[in-house]
Amino acid sequence: MRVIFDKSVPGRIGVRPSRQTGCPPPHIEPKLLREQPAALPELSEMDVVRHFTGLSRRNFGLDLGFYPLGSCTMKYNPKLNERVAALPGFAELHPLLPQLPTGERLVQGALAVLHDMDRLLSEICGMAAFTLQPLAGAHGELTGVMMIAAYHKERGNRKTTLLIPDSAHGTNPASAAIAGYEVRAIPSDADGRMDVAALKDALDASVAGLMMTNPNTLGLFEPRVREIADLVHSVDGLMYYDGANLNPLLGRCRPGDMGFDLVHINLHKTFSTPHGGGGPGAGPVGVSAKLVDFLPVSLVKERPDGSFFLDYDCPKSIGYIAPFYGNFGIVLRAYAYLLSLGKEGLLRVSEHATLNANYLKERLKPFYDLPKPGVCKHECVFSAKRQVVHGVHALDLAKALIDRGFHPPTVYFPITIPEAIMIEPTETESKETLDAFIEAMIEIAKLAETNPEEIVSCPKTTVVGRLDETRAARQPDLASLD
Amino acid sequence: MPYIANTPEQQTEMLRAIGTDLEGLFADIPSALRCAGLKVASGLPEQDVRRRMAVVADRNRADLVGFLGGGFYDHFVPAAVSAIVSRSEFATSYTPYQPEISQGVLQAIYEYQSAICRLTGMEVSNASLYDGGTALYEAIMMALRVTGRRRVVVDDSVSPIYRTMVRTYTRNLGIELVETSSRIGLADREALARVINDQTAAVAVQNPNFFGCLDDFSDVAELAHRHGALLIASAYPVSLGIVKTPGAMGADLVVGEGQSLGMPLSFGGPYLGFMAARKEHVRKMPGRIAGRTVDAQGRQGFVLTLQAREQHIRREKATSNICTNQGLCALTALVFMSLLGKQGFRELALSCAEKASYAAQRLQAIPEVRMRFGKRWFFNEFVLELPVAADRVIRRLLEKGFAAGFPLGRYYPHMEKSLLVAVTEKRTKEEIDLFAHTLEVSL
Amino acid sequence: MILENLKYSKTHEWVRLDEGNFAVMGITDYAVQQLGDIVFLDLPKIGAKVTEGQPLGVIESVKAAVDLYSPVTGEVVEVNAPLANDFETLAKDPYSAGWMAKIRVAGADALKHLLSAAEYQKLAEGEAKP
């Protein structure tokens with residue numbers, strides 16, 4: 001499809017803004033003005049609507065079909081939540097209102113939501129308090145790591161290193177490094193769990209903390225997590241929980257009870273807010289009692305009379321990490337989701353997420369190499385090892401799934417498993433959908449043996465074939481300039 | 001149960017296929033780590049959630065006639081924006097890891113990058129950052145990487161909200177952050193000249209600045225470049241409908257808050273951080289970037305490119321930790337700019353400037369009220385100097401249904417009587433007249 | 001392919017000592033194979049002081065990015081600038097036309113810590129295994 005700028009017709013007008021008669025033209029010195037209007041497209045409203053509707057048809061979304069992207073928790077995004085976030089009382093609320101004198105009175109509803117969400121997430125995770133400000137999961141990580149630094153600074157600790165499992169998501173080491181820490185990788189053992197002996201070797205006085213997920217990126221629960229926490233705490237290190245994989249634990253097992261001091265949650269994963277083609281998400285961070293003082297400014301608090309206020313008096317806080325109170329519209333969606341689920345609903349989420357993942361794993365096991373057998377949690381990780389001998393790689397399997405109407409699983413992650421295929425079905429998918437996917441995976445596995453050429457040349461049903469990424473990186477064409 | 005499809009019968013069947021029971025699925029979690037039961041209320045049907053949230057929403061005063069800006073503006077959003085953006089092919093997809101079935105999102109990112117470049121007068125843009133404040137921080141970090149230096153100069157006419165954020169992020173990194181004091185509403189050239197030296201990585205300025213004043217930073221760009229430093233300009237995108245671009249002023253990095261491009265105020269987010277740069281710096285840029293290429297048959301297509309900068313490849317050596325960004329907000333901005341188009345976008349900026357200019361005229365006609373920076377040019381926001389504390393006036397006007405503006409004393413000592421007033425195209429002449437009248441009688 | 005007459009670092013750079021205490025370096029054929037299609041190469045500036053084991057440049061393929069480490073300590077006196085736009089040459093001829101930088105070193109001792117061809121062969125084979 002042509003890019004929108006190439007469809008432009010000089011002189012064509014789309015939406016016109018309201019102009020007031022009787023207002024004098026603005027008086028601004030010419031040297032402060034631009035010489036030419038910005039070369040935005042010149043199209044009618046219908047031209048624009050058709051262009052983007054056309055683009056949308058070239059895109060796969062969760063509402064079109066199964067999207068088992070491991071580690072991303074692509075669960076159904078309830079439409080109710082969109083309606084709630086669009087209520088004018090929320091959508092049209094200016095974020096600076098509470099900073100006006102008596103302004104808190106103007107935003108009691110919004111503060112009530114933030115306060116209640118803090119309480120709900122604290123209860124679900126077993127933490128003392130949450131900040132809802134982080135604007136994405138990685139932003140939550142950075143916030144958490146800055147709190148770790150503030151904790152050690154206050155205690156006069158000289159800590160330089162964060163420990164991170166080698167199977168971790170790339171944001172973990174990146175967040176640690178950006179906050180000024182060195183990263184030491186902890187290897188996994190043969191079972192795919194953290195190598196506790198290696199952890200012991202890596203622990204010394206310089207260790208500020210350990211960042212981990214549980215279940216880990218292989219979808220396996222780390223049963224020795226309490227022992228790991230005790231080890232880390234023994235050098236006054238802090239335990240950081242990456243909530244990417246929280247879904248299968250909801251209502252059953254809490255990071256706080258496992259010994260974690262900090263938790264970040266991805267509302268766009270566990271709490272059903274839409275992924276939006278890459279955001280916006282939200283990454284609230286919860287902390288145990290010893291870290292509450294370091295939470296970012298401001299905190300929503302309740303007065304004895306039941307009204308809410310924003311507390312800006314936080315002397316030990318790491319400071320401001322977001323302009324206001326987080327991605328409020330996303331928090332609202334997650335809040336509506338939690339009201340819908342309730343206590344029983346949370347338990348069903350973890351139950352069916354785990355059930356679906358284990359069902360897929362057991363049925364696909366005869367056809368694909370399963371590096372770490374045993375019960376998994378929300379996702380399972382296969383390797384394309386058995387297909388590689390026929391010249392078919394994980395990427396080829398992914399492309400073959402596309403031709404069969406499915407979004408592929410995550411491939412080549414975690415990096416500790418060669419040719420990884422990471423499947424996370426989520427709880428919202430039905431057995432029929434899983435069965436159809438399983439049939440497709442089995443058919444592809446058989447085809448990989450009998451006719452690998454057929455797989456390697458996929459996808460064939462899409463608007464473009466495999467694209468030349470080398471060319472894209474060598475001769476970058478990153479914008480259509482005027 | 002809401003949002004669960006499997007029936008009890010299917011569940012039994014599946015457990016049989018797995019060869020376990022429900023308890024067996026969680027046998028790997030030691031009993032000491034199990035939680036007894038959450039103190040969370042029972043779930044509600046959709047209708048009840050809707051009703052409850054409507055009641056909560058009514059406890060907010062979103063109905064005030066707004067002259068409050070401070071970097072976050074109440075602009076009109078055409079109906080077609082949400083009609084397009086809410087299409088679930090966009091909303092319910094994720095980061096386009098599989099380009100063949102993500103051409104819609106990828107092409108939209110490419111077009112967004114193009115629109116941002118055209119708007120700001122720059123050569124490259126990324127796919128978005130979280131917000132204007134984190135975008136400024138990312139730009140500063142990028143300037144440190146480009147120059148290999150550790151000193152950054154930020155003028156105090158840059159949003160105080162963003163400056164406090166930058167201080168948070170840079171606190172433990174051994175970065176020397178120098179703040180210059182503005183003079184009569186503009187960045188003070190002499191103060192800048194005193195602190196910009198050969199150790200300086202970047203100079204950060206804003207246009208229009210937090211006081212609403214317009215500036216031309218061409219001379220600051222020259223000064224920075226003479227010392228091998230980069231100029232970072234934070235910009236208000238709607239103003240660029242008529243205002244000189246940061247690119248034309250010689251800026252090396254342009255960042256800003258994109259909320260005004262079709263996003264509701266929504267009590268602080270989700271918003272959109274944008275970032276544009278000169279081409280030579282693209283490999284030091286944070287965040288996703290889409291590029292145009294071809295497939296084996298020569299068909300045009302789009303991919304995420306230059307990914308070696310990013311955390312999923314470079315891990316602790318990445319240019320940033322950002323992964324999920326503000327994808328759907330970037331799409332919103334693109335659709336908004338496309339709908340208004342070349343002429344409409346210019347008219348939008350003109351409409352804001354006209355109404356602000358009218359409001360300034362009306363307000364400064366009130367006895368004892370004057371323009372604090374009367375000599376300066378402004379776009380759609382300006383500072384009124386009142387005879388009494390701004391807080392007092394704001395309180396009184398709130399009672400009359402107006403959000404009168406922002407009290408600058410909150411961030412700038414000695415500016416207790418200064419009121420920052422913003423006017424967008426949404427305000428009518430009648431509202432402005434009534435506002436001026438109400439303010440006059442409230443003094 | 002590993003050449004007998006060169007010295008090697010553990011991070012896959014090769015070094016040759018030219019007359020006048022000039023160490024010429026590049027990356028090995030093995031490293032090139034591992035990277036796949038190279039898309040970007042950032043070479044050091046002439047005059048840069050480099051330290052053994054410290055990064056002196058960056059090389060990127062579509063799916064990977066690695067630092068180039070200086071195998072020796074000294075001062076960069078010459079770089080193969082055209083290589084930054086000619087990845088085919090780097091892929092085809094990494095040991096000769098694909099050289100990257102010439103570094104002035106104190107003496108032959110500057111290469112003493114590096115691996116012999118046989119030692120490097122063993123290292124590369126060990127890495128390729130898992």
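Each chain gets a letter, A, B and so on, in the order the sequences are listed, and its residues count up from 1.
Across Ala353(B), Ala296(B), Ser102(B), the residue that shares the most heavy-atom pairs under 4.5 angstrom with chain A is Ser102(B). Of the listed residues (Ser93(B), Gly291(B), Gly66(B)), the one with the most heavy-atom contacts under 4.5 Å to chain A is Ser93(B). The greatest number of non-hydrogen atom pairs below 4.5 Å with chain A, out of Gln311(B), Lys39(B), Arg118(B), is found for Arg118(B). Options Ala403(B), Gly344(B), Cys35(B), Ala5(B) differ in how many heavy-atom pairs under 4.5 Å they form with chain A, and the most are formed by Cys35(B). The residue among Thr92(B), Leu265(B), Asp131(B) with the most heavy atom pairs within less than 4.5 Å of chain A is Thr92(B). Comparing Val282(B), Leu350(B), Leu64(B), Ile289(B) by heavy-atom pairs within less than 4.5 Å of chain A, the highest count is held by Leu350(B).
Contact of the Arg19(A) side chain with the Glu425(B) side chain is not registered, since no non-hydrogen atoms from C-beta on lie closer than 4.5 Å. Contact annotation: the side chain of Thr168(B) never approaches that of Thr164(B) to less than 4.5 Å [non-hydrogen atoms, C-beta and beyond].
Of the two parts of Phe90(A), the backbone and the side chain both hold a non-hydrogen atom closer than 4.5 Å to a non-hydrogen atom of chain B. In this structure, chain A has a heavy atom under 4.5 Å from the side chain of Ile161(B), while its backbone stays farther away. Only the side chain of Ala398(A) comes within less than 4.5 Å of a heavy atom of chain B; its backbone N, CA, C and O stay farther away. At a 4.5 Å heavy-atom cutoff, the contact between Ile84(B) and chain A is made by side-chain atoms alone. Only the side chain of Lys399(A) comes within less than 4.5 Å of a heavy atom of chain B; its backbone N, CA, C and O stay farther away. If you measure heavy-atom distances from Leu119(B) to chain A, the contacts under 4.5 Å come from both the backbone and the side chain. In this structure, no portion of Arg167(B) lies under 4.5 Å from any heavy atom of chain A. The contact between Phe345(B) and chain A is made entirely by side chain atoms (from C-beta outward), counting heavy-atom distances below 4.5 Å. In this structure, chain A has heavy atoms under 4.5 Å from both the backbone and the side chain of Arg292(B). When heavy atoms are compared at a cutoff of 4.5 Å, Asp215(B) approaches chain A solely by way of its backbone atoms N, CA, C and O. Neither the backbone nor the side chain of Phe76(B) has a heavy atom closer than 4.5 Å to any heavy atom of chain A. In this structure, chain B has a heavy atom under 4.5 Å from the side chain of Asn77(A), while its backbone stays farther away. For Tyr359(A), the parts sitting under 4.5 Å from any heavy atom of chain B are the backbone and the side chain alike. In this structure, the portions of Ile4(A) lying under 4.5 Å from any heavy atom of chain B include both its backbone and its side chain. Of the atoms belonging to Leu331(B), it is side-chain heavy atoms, and not backbone ones, that fall under 4.5 Å from chain A. If you measure heavy-atom distances from Ser357(B) to chain A, the contacts under 4.5 Å come from the side chain alone. Heavy atoms of Val124(B) lying under 4.5 Å from chain A belong exclusively to its side chain. Within the 4.5 angstrom heavy-atom criterion, only side-chain atoms of Arg226(A), from C-beta onward, approach chain B. Only the side chain of Val84(A) comes within contact range of chain B, with heavy atoms under 4.5 Å apart. Using a 4.5 Å cut-off between heavy atoms, Arg346(B) touches chain A through its side chain atoms alone. Both the backbone and the side chain of Asp391(B) have a heavy atom closer than 4.5 Å to some heavy atom of chain A. In this structure, chain B has no heavy atom under 4.5 Å from any part of Ala176(A). For Phe324(A), the part lying near chain B is the side chain, with the backbone staying farther off; criterion is any non-hydrogen pair under 4.5 Å. Residue contact with chain B, scored on non-hydrogen atoms closer than 4.5 Å, involves the backbone and the side chain of Ile28(A) alike. For chain A, no part of Ser86(B) is nearby; none of its heavy atoms comes within less than 4.5 Å.
Between Tyr67(A) and Phe60(A), a ring centre-to-centre spacing shorter than 6.0 Å is recorded.
By the side-chain contact (heavy atoms from CB on, under 4.5 Å) test, Pro30(B) pairs with Phe221(A), Pro223(A), Leu33(B), sequence neighbours left out. Among residues two or more places apart in sequence or in another chain, the side-chain contact (heavy atoms from CB on, under 4.5 Å) test is passed with Asn325(B) by Ser128(B), Arg288(B), Ile322(B).
Remark: side-chain polar atoms of Ser351(B) are not paired, donor with acceptor, to backbone N or O of Glu347(B) under 3.5 angstrom. Looking at Gln326(B), its side chain never comes within 3.5 Å of a backbone N or O of Pro280(A) through a donor-acceptor pair.
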Hey, mind stepping through Glu89(B) and Arg87(B) against salt bridge (charged side-chain N to carboxylate O under 4.0 Å, His left out) and telling me if it holds? CA-CA 6 Å; Glu89(B) 296 88 342; Arg87(B) 287 191 67 90; 3.3 Å; yes
Worked verdict on Glu351(A) versus Arg252(A) for salt bridge (charged side-chain N to carboxylate O under 4.0 Å, His left out): CA-CA 9 Å; Glu351(A) 179 182 312; Arg252(A) 294 171 195 277; 3.7 Å; yes
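A salt bridge is defined here as a Lys NZ or Arg NE, NH1 or NH2 lying under 4.0 Å from an Asp or Glu carboxylate O, and Lys244(B) with Asp216(B) meets this definition.
Cation-pi geometry between Arg348(A) and Tyr3(B) is not met at under 6.0 angstrom from the ring centre and within 45 degrees of the axis.
Side-chain N/O atoms of Gln99(A) and Arg410(B) include a donor and acceptor closer than 3.5 Å. In summary, the side chains of His352(A) and Glu429(A) do not present any donor paired with an acceptor at a separation below 3.5 Å, with no hydrogens or angles considered. Judged purely by distance below 3.5 Å, without hydrogens or angles, the side chains of Asn6(B) and Asn356(A) pair a donor atom with an acceptor atom.
Between the NE2 atom in His139(A) and the SG atom in Cys323(B) there is a gap of 14.0 Å [rounded to 0.5 Å].
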